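A short worksheet on the structure shown next.
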Amino acid sequence: MTGTDTTRDTTRDIPAAAALALGDDALILSHRLGEWAGHAPVLEEEVALANIALDLLGQARVLLSLTGDEDELAFLREERSFRNLQLVEQPNGDFAHTIARQLFFSLYQHELYGELALGDGPFAPLAAKAVKETAYHRDHAEQWTLRLGDGTPESRARMRAALDALWRYTGEMFQPVEGLGDLDWAALEARWLAAVTALLERAGLALPEGPRTGAWAAGAGRQGLHTEPFGRLLAEMQHLHRSHPGASW
Amino acid sequence: MTAVTPDTGHGTGHDTDLGQLAAAFDAAVAADERVEPRDWMPEEYRATLVRQMAQHAHSEIIGMQPEANWITRAPSLRRKAILMAKVQDEAGHGLYLYSAAETLGTSRDELLDKLHAGKQKYSSIFNYPTLTWADVGAIGWLVDGAAITNQVPICRCSYGPYARAMVRICKEESFHQRQGFELLMALSQGTEAQHAMAQDAVDRWWWPSLMMFGPPDDASSHSAQSMAWRIKRHSNDELRQRFVDIAVPQAESLGLTLPDPDLKWNEERGHHDFGAIDWAEFWDVLKGNGPCNAERIGRRRAAHEEGAWVREAAAAYADKQAAKDNGQTEEARV
């Protein structure tokens with residue numbers, strides 16, 4: 001220890017933009033998955049979806065706490081200050097939409113945390129733990145994509161529609177996030193695309209056509225530009241906390 | 001230890017066999033031996049267990065709804081994580097209990113169909129609404145507290161699979177009860193508005209919680225036989241009294257009152273006396289006229305119906321995989 005270290009504010013070493021980007025992704029997707037409680041198609045999925053939601057909420061709490069008070073950040077920020085991807089805020093839709101969202105995101109998160117875990121940056125310890133969780137999330141989404149893709153004509157049609165609908169939110173994931181070090185985002189994206197392509201082929205599903213991003217969506221969530229459903233999500237999530245300023249729970 | 005394993009090689013006639021089996025069953029149960037799935041058991045014993053275990057499993061999954069109602073509005077991330085974990089536990093309890101019931105020759109699908117058709121019941125307490133965040137605490141403290149009082153004796157139930165499922169469930173329920181108490185404590189010691197919210201929730205949940213123990217002993221239709229079979233160990237009124245005696249000092253330490261002017265310690269009895277329960281309300285809610293009966297069962301049916309295509313897809317996929325595996329085995333043989 002040197003003398004100058006005694007005055008060091010440890011939170012200053014944490015790139016806040018990156019902690020918020022990763023933390024908000026986990027927080028908001030966890031919230032969406034929490035909406036499934038009591039609505040899942042089978043009891044085993046009540047357990048599985050809650051499990052994934054809990055893992056993500058745990059990640060969110062660690063990440064947000066790196067850069068401030070977790071509850072202030074979750075409950076007192078306005079919509080434009082959230083840095084999550086637009087993908088994770090998309091409404092649950094039917095089970096196929098939820099699985100498509102899980103597939104796109106968990107493949108991304110698994111690749112990203114795998115990279116971060118290898119480095120020695122401030123997110124390496126969290127990523128090392130989270131990458132094991134995301135491996136399970138990825139497996140869950142892959143297994144269901146196979147079942148729905150190669151299940152019945154109805155499930156295949158629903159899975160196709162879901163993949164097509166969410167495809168345009170996947171380009172944004174690979175816009176570089178400030179503070180995550182010199183990640184090779186193009187390589188990450190190539191691996192993600194290869195994994196999606198291989199899996200959809202196994203499931204007998206075509207890779208969606210159409211753009212993976214638009215002028216509006218390119219990196220928009222990371223800049224605090226969200227979609228209309230997000231405002232209502234926050235209204236529900238924040239109202240009780242905001243109704244009792246300064247209260248402890 | 002199994003109670004009675006049928007031995008068909010001996011005995012002279014069917015009636016004698018049945019009489020001997022029944023006598024041996026009664027003796028084994030009276031000696032506190034466990035009955036296991038392959039043991040002989042009277043059909044009424046089996047039916048009673050299926051009815052009770054199904055009702056218990058249904059209560060777990062219907063009971064997810066009033067609490068899940070607050071997951072998306074939990075006021076802190078810590079509370080949100082605790083609540084999600086609790087609702088997840090309840091789904092897990094439903095799974096154990098449906099599995100335990102399946103050992104009696106029924107299936108989860110069959111039991112769910114009966115629930116959806118209104119032919120089997122779930123605990124009436126879940127027909128009350130969760131109107132504020134404090135209701136999550138009141139459910140944990142009072143409803144889970146009452147459930148534990150009811151369920152701890154079932155850990156010694158004569159039917160092995162049910163007893164073993166209950167051991168695990170009771171451990172988790174006791175965690176749920178503590179989180180509810182702690183949640184209410186935070187509110188009670190919080191702002192004036194939070195304290196009022198906690199008091200209001202306790203005022204609304206107290207009486208329905210006392211009703212969870214079922215009708216008074218003299219009006220309980222299944223009690224006597226269940227006691228003889230050691231499915232049930234204590235009467236409804238005994239358990240209710242036990243719960244009141246535990247809850248009163250806990251309410252005091254919470255700094256909250258219980259909504260019963262007749263509630264007072266009776267030195268002579270060594271128990272708390274409490275006021276008359278409104279059994280008309282109990283029977284009315286049981287009949288389907290509670291505030292949320294239609295919503296709870298409606299939501300359950302909707303989840304089941306909306307999920308049908310998912311279950312069908314999973315089954316179709318599993319069949320295709322099995323056919324592929326068989327094909328490969330055939331090829332390997334050739």
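Keep in mind the model is a prediction, meaning the values are calculated, not measured. Reminder, nothing fancy here: chain letters follow the sequence lines and each chain counts from 1.
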With respect to chain A, which residue among [options] yields the maximal number of heavy-atom pairs within a distance under 4.5 Å?
| options | answer |
| --- | --- |
| B:Gly92, B:Ala81, B:Ala193, B:Ala318 | B:Ala81 |
| B:Gly94, B:Pro75, B:Ala316 | B:Pro75 |
| B:Leu77, B:Asp319, B:Ile62, B:Thr191 | B:Leu77 |
| B:Ala308, B:Ala91, B:Ala68, B:Ala315 | B:Ala91 |
| B:Leu112, B:Leu95, B:Asp89, B:Ile71 | B:Leu95 |
| B:Arg79, B:Gln65, B:Glu306 | B:Arg79 |

Residue among [options] with most heavy-atom pairs under 4.5 Å to chain B:
| options | result |
| --- | --- |
| A:Gly58, A:Ala50, A:Gly149 | A:Ala50 |
| A:Glu70, A:Arg32, A:Gln238, A:Glu45 | A:Glu70 |
| A:Gly151, A:Ala96, A:Ser243 | A:Gly151 |
| A:Asp94, A:Leu27, A:Asn51, A:Val42 | A:Asn51 |
| A:Asp150, A:Thr152, A:Leu64 | A:Asp150 |

Roughly how far apart are [X] [atom1] and [Y] [atom2], rounded to 0.5 Å?
| X | Y | atom1 | atom2 | value |
| --- | --- | --- | --- | --- |
| B:Trp133 | A:His244 | CH2 | NE2 | 12.0 Å |
| B:Lys80 | A:Leu57 | NZ | CG | 6.5 Å |
| B:Ser76 | A:Glu72 | OG | CD | 13.0 Å |

Taking 4.0 angstrom as the limit, do B:Arg300 and A:Glu46 come out as a salt bridge?
no
Under the side chain to side chain contact (heavy atoms under 4.5 Å, CB included) criterion, do B:Met84 and A:Ser30 qualify, and how do the steps go?
CA-CA 10 Å; B:Met84 276 209 274; A:Ser30 166; 3.5 Å; yes
Under 4.5 Å from any heavy atom of chain B - which part of [X]:
| X | answer |
| --- | --- |
| A:Leu146 | both |
| A:Ala53 | both |
| A:Leu233 | neither |
| A:Ala60 | neither |

Give a yes-or-no answer on whether the side chains of A:His39 and B:Arg299 include a donor-acceptor pair shorter than 3.5 Å.
yes
Using heavy-atom distances under 4.5 Å, tell me whether [X] contacts chain A through its side chain, its backbone, both, or neither.
| X | value |
| --- | --- |
| B:Arg311 | side chain |
| B:Arg78 | both |
| B:Met185 | neither |
| B:Val87 | side chain |

Are there residues of residues 154-166 of chain A whose heavy atoms fall under 4.5 Å of chain B's heavy atoms? If so, which?
A:Glu154, A:Ser155, A:Arg158
N/O donor-acceptor pair under 3.5 Å between A:Arg147 side chain and B:Ala313 backbone
no
Okay, side chain of B:Gln88, backbone of A:Ala37: is any donor-acceptor separation there less than 3.5 Å?
no
Can you establish whether the number of heavy atoms outside [X] located under 6.0 Å from its atom [atom1] is more than 12?
| X | atom1 | value |
| --- | --- | --- |
| B:Lys320 | NZ | yes |
| A:Arg202 | CZ | no |
| B:Glu295 | CD | yes |

Of A:Glu35, A:His31, A:His239, A:Glu236, the residue whose pairing with B:Thr72 passes side chain to side chain donor-acceptor pair (under 3.5 Å):
A:Glu236
Please report the C-alpha distance between A:Leu240 and B:Thr132 in whole Å, then the side-chain angles of each, then the deciding distance to 0.1 Å, and finally whether the side chain to side chain contact (heavy atoms under 4.5 Å, CB included) criterion is met.
CA-CA 9 Å; A:Leu240 178 58; B:Thr132 73; over 6 Å; no
Over 60° means perpendicular and under 30° means parallel, so classify the ring planes of B:Trp309 and A:Phe95, tilted if in between.
perpendicular
Measure the shortest side-chain to side-chain distance between B:Glu60 and A:Leu43 over non-hydrogen atoms and say whether it is less than 4.5 angstrom.
no
Pairwise side-chain contact, A:Trp249 with B:Leu187, heavy-atom cut-off 4.5 Å (strictly under):
yes
